[in-house]
Asks: 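This is the structure I want to talk about, given as structure tokens.
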Amino acid sequence: MNLLEVNDIHVYIQSFYILHGISFFVPEGKTTVLLGRNGSGKTTAMRAILGLNPPRKGEIIYKGVNIAHLPTHKIVQRGVGYVPDTRRIIKSLTVEQNLEIALRKGSKTYDERLSEIFELFPDFERFLGQKAGSLSGGQQQMLAVSRALINDNDLLLIDEPTEGLSPLLAKNVLKTLHAIKEKRKTVLLVEQNFAAAKSVGDYYYIFDDGKIAHNGKMETLVDDHELISRYLGVNV
Ligand SMILES: Nc1ncnc2c1ncn2[C@@H]1O[C@H](COP(=O)(O)OP(=O)(O)OP(=O)(O)O)[C@@H](O)[C@H]1O
Ligand SMILES: [Mg+2]
């Protein structure tokens, strides 16, 4: 079943025509990866889902309801978590304060939610009282992911989690993405690191200049060297 279906969305930023009729599906319990060169429209697609850049035309069906014209807070309340490429953690606050300000009402207690986060990130138990700005880049990224997980969201949108991290820290983030997947979470991921994308992704969509150039199961893309070098500019 598809948790999310994006049908032929056309998105403008001011007068610029950015997404020219994009469609994609996000099946429940799977990781769907958006690929494509810089500026091809991946972040804009995520922001469209969140109502930050709503489409002028087209539908965004989440749990069977068209959310394309809802305000962002209503979309978030329906269980959509966002880890933006800018991370947006507050460095002068502690780890725990960063988690607390992200909290929404829900069925689970705060302690239950925290213990789920500690399962994924055992180190965080020690770091709770520490200023977020004192964490390493990889830990800050994991804090950004935790803020989306603490609300028991059904869909997680994660934009370039390994960007700017050393290979070792990127590997830790990738491990986290695998752990999230094992919990049967549904993830829409933007990931430029092709090795990371292919290891965690079930399905892919390749963006090219505001359109989808290709899509399919990740395992089929893995063998298509010509396609990968044409649209992603990496040689594998
Ligand atoms: N605020 C804005 N004003 C005008 N154009 C914008 C704005 N934000 C994005 N764009 C343009 O929209 C297009 C798509 O940008 P977007 O950020 O969605 O790409 P992306 O695939 O996420 O790229 P990257 O890999 O660099 O993150 C680009 O041409 C970009 O210049
Ligand atoms: Mg982007």
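Counting starts at 1 for both ligands and their atoms, in listed order.
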Asks: Nearest protein heavy atom to atom 1 (N) of ligand 1, by residue and atom, and its distance?
Replies: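 Ranked first by proximity to atom 1 (N) of ligand 1 is Ile13 CG2, 3.7 Å.
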
Asks: State yes or no: do Ile206 and Ile212 share one hydrophobic cluster built from I, L, V, M, F, W and Y residues joined by side-chain heavy-atom distances below 4.5 Å, directly or via other members?
Replies: no

Asks: For atom 19 (O) of ligand 1, find the nearest protein heavy atom and state the residue, atom name and distance (0.1 Å precision).
Replies: Gly41 N, 3.2 Å

Asks: May I ask you to identify the nearest protein heavy atom to atom 25 (O) of ligand 1, giving residue, atom name and distance to one decimal place in Å?
Replies: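 Sorting protein heavy atoms by distance from atom 25 (O) of ligand 1 puts Lys42 NZ, 2.9 Å first.
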
Asks: Under 4.0 Å from ligand 1, counting heavy atoms only, is it the side chain of Gln192, its backbone, both or neither?
Replies: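 Just the side chain.
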
Asks: If you group Ile, Leu, Val, Met, Phe, Trp and Tyr by side-chain heavy-atom gaps below 4.5 Å, do Leu99 and Leu135 land in one group?
Replies: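 As far as the 4.5 Å side-chain criterion goes, Leu135 and Leu99 are connected within one cluster.
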
Asks: Is there a continuous path of hydrophobic side-chain contacts, each under 4.5 Å between heavy atoms, that joins Met46 to Tyr204?
Replies: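 No, it is not one cluster - the side chains of Met46 and Tyr204 are not joined through contacts under 4.5 Å.
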
Asks: Tell me whether Thr43 has at least one N, O or S atom under 2.8 Å from the Mg ion (ligand 2).
Replies: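 Checking the Mg ion (ligand 2) against Thr43, an N, O or S atom does fall under 2.8 Å.
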
Asks: Give a yes or no on whether Leu156 and Ile61 share a hydrophobic cluster (residues Ile, Leu, Val, Met, Phe, Trp, Tyr; joining criterion: side-chain heavy atoms under 4.5 Å apart).
Replies: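 No, it is not one cluster - the side chains of Leu156 and Ile61 are not joined through contacts under 4.5 Å.
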
Asks: Students should be able to answer this: which protein heavy-atom is nearest to atom 23 (O) of ligand 1, and at what distance?
Replies: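 So the nearest neighbour among protein heavy atoms is Gly39 N, 2.8 Å.
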
Asks: Tell me whether Asn2 contacts the main-chain N or O of Glu5 through its side chain, where contact means a donor paired with an acceptor under 3.5 Å.
Replies: no

Asks: May I ask whether atom 11 (C) of ligand 1 is less than 4.0 Å from at least one protein heavy atom?
Replies: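 Yes.
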
Asks: Give yes if a backbone or side-chain nitrogen or oxygen of Ser40 is under 3.5 Å from a nitrogen or oxygen of ligand 1, and no if not.
Replies: yes

Asks: Under 4.0 Å from a heavy atom of Thr43: give me the atoms of ligand 1 that qualify, with their elements.
Replies: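 Listed by number with element, the hits are 17 (O), 18 (O), 20 (P), 22 (O), 27 (O).
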
Asks: Starting from atom 27 (O) of ligand 1, what is the nearest protein heavy atom, named by residue and atom, and what distance separates them?
Replies: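 For atom 27 (O) of ligand 1, the nearest protein heavy atom is Glu160 OE2, 3.5 Å.
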
Asks: Of all the non-hydrogen atoms in the protein, which one sits nearest to atom 4 (C) of ligand 1, and at what distance?
Replies: Phe16 CD1, 3.8 Å

Asks: Under 4.0 Å and counting heavy atoms only, is there anything from the protein next to atom 31 (O) of ligand 1?
Replies: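 Answer no: nothing from the protein, no heavy atom, is under 4.0 Å.
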
Asks: Kindly work out whether a path of hydrophobic side-chain contacts (I/L/V/M/F/W/Y, heavy atoms less than 4.5 Å apart) joins Val33 to Ile49.
Replies: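 Each belongs to a different hydrophobic cluster.
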
Asks: For ligand 1, which atoms have a heavy atom of Thr44 less than 4.0 angstrom away?
Replies: 14 (C), 15 (O), 16 (P), 18 (O)

Asks: Does Asp209 CG have over 12 foreign heavy atoms under 6.0 Å away?
Replies: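 Open: at most 12 neighbouring heavy atoms sit under 6.0 Å from CG of Asp209.
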
Asks: Which atoms of ligand 1 are found less than 4.0 Å from any heavy atom of Asn38?
Replies: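 Result: 23 (O), 24 (P), 25 (O), 26 (O).
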
Asks: So Tyr205 and Phe24, would you call those rings parallel, tilted or perpendicular, with 30° and 60° as cut-offs?
Replies: tilted

Asks: Return the orientation label for the His214 and Tyr231 ring planes: parallel under 30°, perpendicular over 60°, tilted otherwise.
Replies: tilted

